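Everything below concerns the one structure shown next.
Atoms within each ligand, like the ligands themselves, are counted from 1 in listed order. All values reported here derive from a predicted model rather than from experimental measurement.
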Amino acid sequence: MTSPDRPVRVRFAPSPTGKLHIGGARTAIYNWAFARANHGTFILRIDDTDPARSTEENTQVILRAMKWLGLDWDEGPDIGGPFGPYKQMERLDIYHAAAERLLAEGRAYPCFCTPEQLEADREAARARKDPFQGYQRRCRHIDPAEARARMDAGESYVLRIKVPEDRGDVHIHDAVHGDVVFDAKELDDFVIIRSDGTPTYNFTTVVDDAAMGITHVIRGDDHLSNTPRQVMVYEALGAPVPEFAHISMILGADGKKLSKRHGATSVEEYRDAGYLSDAFVNYLALLGWSLDGETTVIPRDVLASRFSLDRISKNPATFDPKKLDWMNAEYINAMTDAEFARKILVPELTRAGLLDEGAERTAAWMEQLAAIVKPRTKMPADAATVAAPIFATADTLVYDEKAVSKGLAKEGMGAVLDAAAKALDAIPAASWTAEAVDAALEPLPEQLDAKKRVVFQAVRAAACGNLVSPPLGETMALIGKDDCMARIARARTMAL
Ligand code: GLU
């Protein structure tokens with residue numbers, strides 16, 4: 001697949017006309033992973049030749065998103081490299097020199113046709129049902145000396161590529177789509193430089209890909225139809241044609257192309273919602289590629305060593321937010337308690353205003369908290385919600401409606417809390433551990449002739465203010481004895 005004589009060089013070339021979206025991010029991931037897996041070079045190039053829609057702000061947003069995704073590039077606008085500059089607007093001289101060369105070599109020619117003339121020709125071709133509907137090559141045969149004179153005289157013109165008369169069909173081999181043949185009739189002498197001097201996408205892309213030694217072009221298959229034209233430019237420039245891999249679209253659950261209608265589409269939105277970049281990259285990598293058809297959790301280093309073009313699927317992939325959430329939870333759960341405490345718990349508690357200065361929490365306490373909060377955390381923000389009751393005090397604890405109706409305001413719950421308070425109070429403060437709490441509560445159901453579930457529900461409601469908290473012993477150990485006793489006393493006033 002990879003040509004042995006040319007070291008792999010790939011590029012991701014976003015147009016800064018908006019934020020980095022899911023589709024673009026996946027293209028970037030594939031290029032990055034392919035470069036890494038082949039010990040090649042990953043280039044970031046900014047295709048900003050559409051001045052009306054490109055902004056520097058978008059460029060910065062894209063760079064930030066790429067950094068958050070952890071897709072490090074070896075050459076790019078911010079770090080330079082041997083083939084720079086890496087923003088197309090800074091390469092205009094390069095395109096003009098290339099166009100000038102093609103013109104001098106007779107591989108491009110100026111076209112002076114007016115828009116009215118072009119429209120009339122198109123109309124005539126339609127009317128006579130000409131199989132060739134492109135530019136009718138009116139200016140192709142103007143004598144070069146005459147053409148030069150008209151150009152010099154200031155007549156308005158565009159530069160067109162001169163597709164060789166006998167070129168025939170264009171065959172390309174695409175790593176995803178296999179052999180693709182484009183009918184020669186689809187090839188017209190398309191514009192490479194517009195009348196205002198700006199170069200067109202099909203021209204700049206190839207001039208750059210050729211100059212930058214790109215060996216594999218991995219991009220969305222909306223560009224497949226541009227490929228035959230680009231092949232014409234490679235041939236005119238005398239540059240080797242790279243391998244192509246056109247990756248399928250990403251669809252929403254309704255089978256339509258993924259768009260805003262389906263919810264968040266920009267990378268930033270996912271970052272801000274708290275997704276882990278490793279999980280996000282893993283999930284996007286699987287939208288159209290698989291390692292072995294079954295493995296779903298594929299750490300970044302595995303992706304970077306095992307990615308291959310032959311496992312990219314031709315079929316459109318469906319973006320499923322639920323699977324992304326599942327993947328995110330997998331990555332969270334795979335963290336050690338210490339890692340979870342550092343990367344998720346502390347930032348989230350701080351964000352929620354729960355970790356005020358003054359509140360002394362040892363690393364060991366944090367890790368114990370991490371151990372019970374982690375399995376209940378699907379998104380980072382869940383951590384603060386789950387842990388919040390632990391950070392309350394007996395006065396500030398909020399008792400939710402279910403805790404009151406099911407756990408407290410029921411006949412007999414007063415007796416349960418009295419018995420629990422007595423048993424718990426007997427634990428010396430210094431030995432207030434999860435095991436000690438569990439051991440103290442253990443005999444109560446029998447003693448009170450009550451169901452275990454009912455007893456624990458009452459104590460849980462009293463100590464945590466809800467019925468869904470993590471395991472009771474561990475939670476009460478973290479709350480501490482004094483606070484637990486005060487909470488139970490307060491809850492006693494609500495119990496019957
Ligand atoms: N700037 C183009 C885009 O964002 C790049 C296409 C290509 O990779 O050739 O679609």
Side-chain angles (χ1 to χ4, degrees), residues 8-35 40-56 58-63 65-66 69 71 73 75-77 83 85-92 94-95 98 172 174-177 180 182 190 192 198-234 237 239-250 257-259 265-267 284 288 309 312:
V8 164
R9 290 178 57 83
V10 290
R11 79 328 189 251
F12 174 54
S15 302
T17 53
K19 297 182 166 154
L20 183 59
H21 285 187
I22 285 175
R26 184 194 53 170
T27 301
I29 292 167
Y30 286 9
N31 276 285
W32 171 85
F34 183 71
T41 303
F42 176 49
I43 297 156
L44 178 62
R45 187 177 75 217
I46 301 295
D47 281 5
D48 57 354
T49 44
D50 178 351
R53 293 167 61 226
S54 302
T55 68
E56 178 56 26
N58 285 332
T59 299
Q60 292 310 321
V61 168
I62 292 170
L63 260 60
M66 290 286 288
L69 291 168
L71 306 177
W73 51 97
E75 298 171 23
F83 299 92
Y86 294 89
K87 281 185 181 169
Q88 289 195 322
M89 279 308 262
E90 293 169 14
R91 299 176 61 81
L92 292 177
I94 297 173
Y95 310 131
I172 66 153
D174 188 278
V176 180
H177 294 265
V180 189
F182 296 92
F190 61 91
I192 57 171
T198 57
T200 58
Y201 158 74
N202 280 318
F203 188 58
T204 57
T205 294
V206 176
V207 169
D208 286 348
D209 287 348
M212 294 177 180
I214 299 302
T215 56
H216 297 74
V217 169
I218 306 168
R219 63 185 170 195
D221 66 7
D222 47 334
H223 286 294
L224 185 58
S225 59
N226 286 320
T227 308
R229 288 181 157 188
Q230 295 185 6
V231 169
M232 291 305 100
V233 181
Y234 282 108
L237 293 172
V241 178
E243 301 248 358
F244 292 100
H246 285 94
I247 53 186
S248 65
M249 292 201 283
I250 301 179
K257 191 174 183 317
L258 194 67
S259 74
T265 50
S266 76
V267 170
L284 291 194
L309 298 180
I312 296 180

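- Not one N or O of Q230 is nearer than 3.5 Å to an N or O of ligand 1, by distance alone.
- Taking the side chain as every heavy atom from C-beta outward, H246 and V176 never approach each other to under 4.5 Å.
- Under a 4.0 Å heavy-atom criterion, F12 is not in contact with ligand 1.
- Shortest contact from atom 5 (C) of ligand 1 to any protein heavy atom: A13 O, 3.2 Å.
- Distance from atom 10 (O) of ligand 1 to its nearest protein heavy atom, with residue and atom name: H223 NE2, 2.7 Å.
- Among the atoms of T205, none of the N or O lies under 3.5 angstrom from an N or O of ligand 1.
- Considering D208, D50, T205 as possible partners of Q88, the one that fulfils the side-chain hydrogen bond (donor to acceptor under 3.5 Å, both in side chains) test is D208.
- If you number the atoms of ligand 1 from 1 as listed, the ones under 4.0 Å from a heavy atom of R219 come out as 7 (C), 8 (O), 9 (O).
- Contact annotation: the side chain of T215 never approaches that of E243 to less than 4.5 Å [non-hydrogen atoms, C-beta and beyond].
- R45 and D209 are joined by a salt bridge, as a carboxylate oxygen and a charged side-chain nitrogen come within less than 4.0 angstrom of each other.
- Short contacts between ligand 1 and S15, defined as distances under 4.0 Å to a heavy atom of the residue, involve ligand atoms 1 (N), 2 (C), 3 (C), 4 (O).
- Interface atoms of ligand 1 facing D47, defined by a heavy-atom separation under 4.0 Å, are 1 (N), 2 (C), 5 (C).
- No side-chain heavy atom of F83 sits under 4.5 Å from any side-chain heavy atom of I214.
- Using a 4.0 Å heavy-atom cutoff, R11 is listed among the residues neighbouring ligand 1.
- At a threshold of 4.5 Å between non-hydrogen side-chain atoms, the residues I250 and L284 do not count as touching.
- Remark: ligand 1 atoms within the under-4.0 Å shell around heavy atoms of Y201 are 6 (C), 7 (C), 9 (O).
- Between Y201 and H223, the ring-plane angle classifies as tilted under the 30° and 60° cut-offs.
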